[in-house]
Amino acid sequence: MKKLIQNIGKPFKKAADTLRKFHIGSKVLKGLVILASTLTFAVLIFLIAYILIKGIPHLSPKLFSLKYTTENVSMLPAIINTLIMTVCALIVAVPLGIFTAIYLVEYAKKGNKIVGLIRITAETLSGIPSIVYGLFGMLFFVTYLKWGYSILAGAATLAIMVLPLIMRTAEEALLSVPDTYREGSFGVGAGKLRTVFRVVIPSAMPGILSGVILAIGRIVGETAALIYTAGTVADVASNLLSSGRTLAIHMYVLSSEGLYTNQAYATAVVLLVFVLLINFMSSAIAKKFTSK
Amino acid sequence: MRKYKEKIMGGVFFVCAITSILAVLLICIFLFANGIPAMGKVGLFKFLAGTTWAPTDNPASFGIFPMILGSIYVTAGAVIIGVPIGILTSVFMSMYCPKPLYKILKPATELLAGIPSIVYGFFGLVVLVPFVKTVFGGNGNSILTASILLGIMILPTIIGVSESALRSVPEQYYEGSLALGATKERSIFAVIIPAARSGILAGIILGVGRAIGETMAVIMVAGNQARMPAGLLKGIRTLTSNIVIEMGYAADLHREVLIATGVVLFVFILIINLACSIIKSRRKD
């Protein structure tokens with residue numbers, strides 16, 4: 001009887017051994033890992049290729065006329081507005097972000113309660129969705145401060161939105177400057193302020209810069225925060241208190257109207273190429289930083 | 001003179017540093033002050049649990065329950081699609097990827113994060129909507145389409161956070177498991193992933209935050225019908241799209257109710273952020 005059971009068991013044991021040798025489960029898992037990552041990057045490549053291939057043929061000179069009409073649906077005014085918007089938002093956000101980082105890294109004493117509070121609020125800010133920023137901008141800048149739908153209201157909203165990003169990257173950059181730099185500067189008699197501006201900031205510059213570039217990318221791609229703060233007027237804003245649509249809003253209006261799909265493709269190409277450039281620049285600067 | 005300058009600049013840095021606190025305070029004050037009275041006027045229960053949204057009817061009804069469900073459904077769909085793919089990709093990035101390939105793939109995931117949501121939305125409109133229409137039926141603008149698109153959009157968040165969580169697991173865990181005779185895959189899935197689970201969880205929660213707050217991409221593919229969810233292949237409206245679609249022409253109570261919708265969204269996000277920071281602080285202990 002015992003022998004019989006052993007004999008019956010034998011083929012099963014053999015099968016189990018072969019299975020273990022091939023590790024079916026492991027093979028399946030490895031297959032899944034490779035499948036999932038192929039899928040991820042295939043989606044990215046497909047998205048970029050699809051938009052470039054469909055969009056580039058529609059990039060006509062007409063789309064870059066200085067004046068917007070319903071006939072040429074030119075995106076040049078929107079591009080100019082985007083530039084103005086980016087500059088305005090950065091003028092506010094970059095000094096604020098860098099100075100905050102300086103305070104956190106160079107000035108604040110350890111265990112300071114305010115530092116914890118600043119970190120928590122910055123984290124909260126970075127998690128708030130852009131539509132909530134849009135609502136706040138509409139209530140505060142547009143209505144309460146009576147700026148109306150304007151480039152200024154849009155830029156102020158965006159400045160708050162990108163502040164945590166600039167702040168965090170600047171903080172990381174400042175923290176990575178070795179303390180010996182500071183000590184050396186103090187040693188030759190420089191004050192704290194001079195040390196910060198002449199020694200610490202220059203050596204942290206690449207890190208700070210790559211953060212600023214990422215912020216530009218977010219500003220250029222933003223839509224939901226701008227619809228009800230900067231408005232959707234299609235012409236170049238004549239001054240900071242007049243409304244003007246950025247390129248991303250331009251694209252939203254074109255694609256939601258459904259009449260200008262080809263032009264929307266072309267706008268998508270411009271946006272996408274811009275994002276590619278931004279990412280390339282940011283990682284190139286970061287790489288330079290780390291190889292030093 | 002120099003001491004004076006130092007003092008002044010120290011003050012300037014401090015003032016700049018507290019602007020982020022000020023910003024959060026201002027956002028809370030303005031949203032709550034403009035949104036909460038509307039909840040009172042409609043009635044909190046009628047507002048949150050009302051199943052009809054008909055702001056232009058007479059009498060108007062302002063129930064945002066359909067939109068709350070809409071947001072939850074598309075977010076859940078995005079998690080179901082995006083989380084497994086994201087985690088498996090992060091396993092590939094941290095455990096399998098050869099270095100030369102990694103140098104290309106890492107910037108690629110960052111690019112995925114940098115693509116504007118309006119471009120994703122347009123891509124969804126011209127590719128995913130027809131795809132879902134032909135493969136699954138319906139008119140293509142559906143919960144399913146929005147879930148797929150959001151699933152793609154939360155990938156970079158999940159990949160980035162889980163990858164760094166996987167990399168922070170001590171090498172000895174992996175080597176110990178290999179030494180006990182486990183295969184590479186078994187060591188990864190039975191030892192490393194469990195050890196990195198709080199970091200992975202934080203990534204998932206961040207992804208949920210992104211999905212629930214996403215506006216423009218969802219508007220373009222979800223159909224935006226303000227009614228109770230009727231099926232996977234039927235359209236839906238989320239909290240975020242409700243605000244963008246109707247704010248343009250809303251007035252009086254309608255407008256206030258839309259701001260109150262924003263308040264509900266804001267509270268959701270605050271809860272998600274809180275959950276995330278609790279997980280993070282637990283990990284440090």
Side-chain angles (χ1 to χ4, degrees), chain A residues 23 26 29-30 32-34 36-37 39-41 43-44 47 50-51 96 99-100 102-104 107 114 117-118 121-125 127-132 135-136 139-140 144 160 163-164 167 191-193 217 221 223-224 227-228 248 251-252 255-256 264 268 271-272 275-276 278-279 283, chain B residues 2 5-6 9-10 12-14 16-21 23-24 26-27 30-31 34 84-85 88-89 91-92 96 105 107-108 110-112 114-119 122-123 125 127 152 155 183-186 189 209 213-216 220 240 243-244 247 259 262 265-266 269-270 272-273 277:
Chain A
H23 289 291
S26 297
L29 283 176
K30 188 173 181 183
L32 281 177
V33 165
I34 290 174
S37 21
L39 200 64
T40 302
F41 297 106
V43 165
L44 175 68
L47 188 149
Y50 188 87
I51 287 186
L96 269 183
F99 284 1
T100 305
I102 292 175
Y103 177 76
L104 290 178
Y107 282 79
I114 284 215
L117 198 57
I118 292 169
T121 50
E123 219 161 275
T124 312
L125 280 180
I128 295 177
S130 46
I131 180 66
V132 173
L135 274 183
F136 166 71
L139 293 170
F140 185 61
Y144 184 75
I160 301 177
L163 181 64
M167 194 181 126
K192 185 151 195 170
L193 204 56
T223 326
I227 293 183
Y228 297 116
M251 185 173 161
Y252 171 63
S255 48
S256 63
L271 268 177
L272 207 55
V275 169
L276 283 169
I278 288 274
N279 269 275
S283 63
Chain B
R2 192 170 113 180
K5 211 166 129 191
E6 296 269 353
M9 281 312 281
V12 169
F13 293 146
F14 179 70
C16 287
I18 57 174
T19 45
S20 64
I21 302 176
V24 170
L26 273 179
I27 291 174
F30 271 81
L31 276 181
N34 285 285
I85 298 180
L88 288 174
T89 306
V91 167
F92 179 78
Y96 289 94
L105 293 189
E110 279 158 13
L111 183 64
L112 208 53
I115 294 175
S117 49
I118 185 75
V119 175
F122 184 67
F123 176 75
L125 186 71
V127 175
I152 298 173
L155 277 179
T183 58
K184 178 170 181 173
E185 287 74 24
R186 201 159 176 197
F189 284 89
E214 182 49 52
T215 318
M216 307 322 284
M220 297 176 84
T240 51
I243 300 170
V244 169
M247 192 54 100
I259 295 164
L265 181 69
F266 188 53
I269 293 291
L270 288 183
I272 289 170
N273 276 353
S277 56

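Heavy-atom basis, side chains included; hydrogens, waters and symmetry copies ignored. By convention in this document, chain letters (A, B, ...) are assigned in the order of the sequence lines, proteins followed by strands, and residues within each chain are numbered from 1.
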Engineer: Would you mind checking which part of Y96(B) comes under 4.5 Å of any heavy atom in chain A, side chain (CB onward), backbone (N, CA, C, O), both or neither?
Structural biologist: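 For Y96(B), side-chain heavy atoms alone lie under 4.5 Å from chain A.
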Engineer: Do the non-hydrogen side-chain atoms of P116(B) and T223(A) ever get within less than 4.5 Å of each other?
Structural biologist: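 They are not in side-chain contact.
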Engineer: Taking the side chain as every heavy atom from C-beta outward, state whether F13(B) and L193(A) have any atom pair closer than 4.5 Å.
Structural biologist: yes
Engineer: By a 4.5 Å heavy-atom criterion (distance strictly below it), what part of F30(B) contacts chain A: side chain, backbone, both, or neither?
Structural biologist: both
Engineer: Taking the side chain as every heavy atom from C-beta outward, state whether L265(B) and P129(A) have any atom pair closer than 4.5 Å.
Structural biologist: yes
Engineer: So do the side chains of L47(A) and I152(B) get within less than 4.5 Å of each other, counting heavy atoms only?
Structural biologist: no
Engineer: Quick one: does V132(A)'s side chain get under 4.5 Å of L31(B)'s, heavy atoms only?
Structural biologist: yes
Engineer: With the side chain counted from C-beta on, respond yes when V12(B) and Y103(A) share a heavy-atom pair under 4.5 Å apart, and no when they do not.
Structural biologist: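 No; the side chains remain at least 4.5 Å from each other.
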Engineer: Report which part of I272(B) has an atom under 4.5 Å of a heavy atom belonging to chain A: side chain, backbone, both, or neither.
Structural biologist: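 Neither part.
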Engineer: Look only at the side chain of E6(B) and the backbone of G191(A), and say whether a donor-acceptor pair between them is shorter than 3.5 Å.
Structural biologist: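 Side chain of E6(B) to backbone of G191(A), a donor-acceptor pair under 3.5 Å: no, none is there.
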Engineer: Compute whether any side-chain donor of one residue and acceptor of the other, for S26(A) and T183(B), lie under 3.5 angstrom apart.
Structural biologist: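 Yes, a side-chain donor-acceptor pair sits under 3.5 Å.
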Engineer: Could you check if a side-chain atom of L39(A) sits within less than 4.5 angstrom of a side-chain atom of T89(B), using non-hydrogen atoms only?
Structural biologist: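 A side-chain contact under 4.5 Å is absent here.
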Engineer: For L155(B), which atoms come within 4.5 Å of any heavy atom of chain A: side chain, backbone, both, or neither?
Structural biologist: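 When you check distances to chain A, only side chain atoms of L155(B) fall under 4.5 Å.
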Engineer: A side-chain contact here means heavy atoms from C-beta on lying under 4.5 Å apart; do M216(B) and I131(A) qualify?
Structural biologist: no
